[in-house]
Asks: 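Below is a structure I'd like to ask you about.
Since we're looking at a predicted model, the values are computed, not measured. Because only heavy atoms are used, hydrogens play no part in the values below, and waters and symmetry mates are left out as well, while side chains stay in. Lettering follows sequence order; numbering is per chain, from 1.
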There are 2 protein chains.
Amino acid sequence: MTAPGRRPPGRPRDPGADAAILRAALDLFIEHGVEGTSIERVAKAAGVGKLTVYRRWSGKEELIAAAVEAARDDPVDLPADTPLAAVAWGAAAAQAEHIVQPRFRAMVARVLGTSASHPAIMAAYWTHYVEPRRAALRPLIERALAEGALPAHTDPDVLMDMMAGAVLYRLARPGPLDAATMRRYLEDVYAQAGLERPRPAPGEQSEPERGGGP
Amino acid sequence: MTAPGRRPPGRPRDPGADAAILRAALDLFIEHGVEGTSIERVAKAAGVGKLTVYRRWSGKEELIAAAVEAARDDPVDLPADTPLAAVAWGAAAAQAEHIVQPRFRAMVARVLGTSASHPAIMAAYWTHYVEPRRAALRPLIERALAEGALPAHTDPDVLMDMMAGAVLYRLARPGPLDAATMRRYLEDVYAQAGLERPRPAPGEQSEPERGGGP
DNA sequence: GTTTGTTAACGGTACCGTTCCGTTTCCCTA
DNA sequence: TAGGGAAACGGAACGGTACCGTTAACAAAC
């Protein structure tokens, strides 16, 4: 796309408009759901005319799917040489901090909620958010399995489903939820999954890992 | 409530109207979500005047929460003397059949999706649907744990979260899903949880268990 | 000056929560 | 047995708001 091809004639599109629209669409989607989001409100919130939206996306579902897709943050980058248990416990605090945020919690819930009626949105989330994280995690699980750090009968995919699913389930549960509670919960899940808590080397501190969760 | 207290004067409310309204509200909620459901449409679908709805429930959220609450089916009744593994594998087929139904799948997704913006609906589901099932299952898990049929470090609540969460996660995943696939998946989850597959006694057939799921 | 982007305004539809109808169904008293 | 009162019923309409998808007119970039 950065290829030579001549620039199309006429006035080029404002790239800032794309970003503003996607951001506004995501905010409204998180707060009001698909059915409660209208192109008109997205346009108003983005400070843009309706036609500016319609020109780029043909409808609500397509727009929201694009917004979800654009919302993914930096791809995960797990250290391949660190044992799974060390990674898990080391990242637990940062993980908890991240997924407990109301905005994240609400977005996950919304995406889940649309899976039946608007599969495109769920598919966008799954492809651009969930799958990359699973792909990054899988080799660590397989290595742990090969080294005997996990029960022999472990199926990596099912294990990931169970861990992510449990966290998701916990997030969706009614009632307040703070980061400390969630951290404890994460550790319980790791333990239940069969991971041994690593004994922290003296002076070693938990190493934050950016962007994770179900 | 069946107590003596005199019947209030005037025409009594039509109980059929309650049922029709709740049914219509649940259908519309499943199909269009909270934000896409209007009292007006509920009334029309139920063949009832708007006022008949407003007389009973003060607003949309309250109505839908009541509809979700009323949609719960017969309480589970697990045989306390059967080993957990036998119950799990015996009920897997019926379970799979049940939770794969589009209506169930969609309802779970919708409820999950409202957990952030409309906690009352999620709370109704949790209290009247999830909790009773967990309460029925817990003693079986504790017994299995005591008998050594589960890993010693097992935390019953976390285990239930992981099993239910995994299934939920699988339900929300995009793409088609048939009962046979789901049955295999359920069995994978049971195995991953640490349950040993029971060797079926000759002539013994899977025993259906009514109404389960996340 | 041609192409495209942006904005403002269009008519039409749906829903809101409320308020009237005229009717129906029950309880209580005369 | 005959009435009268109280409440619920379906249906229609209220003014007000929001959104739909499109079109016409102005502005900007090439």
Asks: Give every pair of a protein N or O atom and an N or O atom of nucleotides 18-25 of chain C that lie under 3.5 Å apart, one pair per line with the distance.
Replies:
{"residue": "C:dT24", "atom": "O2", "partner": "B:Arg11", "partner atom": "NH1", "Å": "2.9"}

Asks: Expressed in angstrom and rounded to an integer, what is the separation of A:Glu35 atom CD from D:dC20 atom C1'?
Replies: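 Atom CD in A:Glu35 sits about 16 Å away from atom C1' in D:dC20.
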Asks: Enter the distance from B:Arg173:CZ to A:Tyr125:OH here, rounded to the nearest 0.5 Å.
Replies: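 B:Arg173 CZ to A:Tyr125 OH: 13.5 Å, rounded to 0.5 Å.
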Asks: Please report the distance, rounded to the nearest Å, between CH2 in A:Trp57 and P in D:dC20.
Replies: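 These atoms are roughly 15 Å apart.
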Asks: What integer distance in Å separates B:Arg55:CZ from D:dC9:C1'?
Replies: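 The distance from CZ of B:Arg55 to C1' of D:dC9 comes to 7 Å, rounded to the nearest Å.
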Asks: Can you tell me how far P of C:dG17 sits from CD of B:Glu61, to the nearest Å?
Replies: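 Distance, rounded to whole Å: 13 Å.
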Asks: Looking only at side-chain N and O atoms, does A:Ser117 offer a donor or acceptor that is under 3.5 Å from a partner on B:Arg110?
Replies: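 On atom types as modelled, these side chains qualify, holding a pair under 3.5 Å.
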Asks: On DNA chain D, nearest-nucleotide positions of A:Arg41 versus B:Arg13: which is more 5'?
Replies: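 With A:Arg41 and B:Arg13 compared, the 5'-side residue is B:Arg13.
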Asks: Would B:Val167 and B:Leu186 count as a side chain to side chain contact (heavy atoms under 4.5 Å, CB included) here? Give the steps.
Replies: CA-CA 7 Å; B:Val167 172; B:Leu186 284 175; 3.6 Å; yes
Asks: Between C:dG5, D:dC9, C:dC16, which nucleotide gets closest to the side-chain atoms of B:Glu40?
Replies: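 Selected nucleotide: C:dC16.
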Asks: Does D:dG10 have OP1 or OP2 under 4.0 Å away from a side-chain N or O of B:Thr52?
Replies: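 Yes, because at least one side-chain N or O of B:Thr52 sits under 4.0 Å from OP1 or OP2 of D:dG10.
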Asks: Using a strict cut-off of less than 4.0 Å between a Lys/Arg side-chain nitrogen and an Asp/Glu carboxylate oxygen, indicate whether B:Arg23 and B:Asp27 qualify as a salt bridge.
Replies: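 Yes, charged N to carboxylate O under 4.0 Å.
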Asks: Rounding to an integer number of Å, can you tell me how far B:Leu63 CG sits from C:dG17 C1'?
Replies: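 Distance, rounded to whole Å: 15 Å.
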Asks: How close or far is atom P of D:dA7 from atom CG of B:Asp14, stated in whole angstroms?
Replies: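 In whole Å, D:dA7 P lies 18 Å from B:Asp14 CG.
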Asks: Under 6.0 Å from the ring centre and within 45 degrees of the ring axis: does the NZ or CZ of B:Arg183 meet both conditions for the six-membered ring of B:Tyr185?
Replies: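 B:Arg183 over B:Tyr185 ring: no.
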Asks: Can A:Glu62 and A:Ser58 be counted as having a side-chain donor-acceptor contact under 3.5 angstrom?
Replies: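 Yes, a side-chain donor-acceptor pair sits under 3.5 Å.
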Asks: To the nearest Å, how far apart are A:Lys60 NZ and D:dA18 P?
Replies: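 It works out to 16 Å between those atoms.
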Asks: Is A:Arg56 near enough to C:dG5 that one of its side-chain N or O atoms lies under 4.0 angstrom from OP1 or OP2?
Replies: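 No, no such contact exists.
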Asks: Starting at atom NZ of A:Lys44, determine the distance to atom C1' of C:dA9, rounded to an integer number of angstrom.
Replies: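 Spelled out: NZ on A:Lys44 to C1' on C:dA9 is 13 Å.
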Asks: Of the nucleotides D:dC9, D:dC20, C:dG17, which one has an atom closest to the side chain of B:Ile39?
Replies: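 The answer is C:dG17, which lies nearest to the side chain.
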Asks: Can a cation-pi geometry be assigned to A:Arg133 and A:Tyr129, taking NZ or CZ under 6.0 Å from the six-membered ring centre and within 45° of the ring axis?
Replies: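 Yes, a cation-pi geometry.
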Asks: Check whether any side-chain nitrogen or oxygen of B:Ser38 sits under 4.0 Å from OP1 or OP2 of C:dC16, and answer yes or no.
Replies: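 It does, given that an N or O in the side chain of B:Ser38 lies less than 4.0 Å from OP1 or OP2 of C:dC16.
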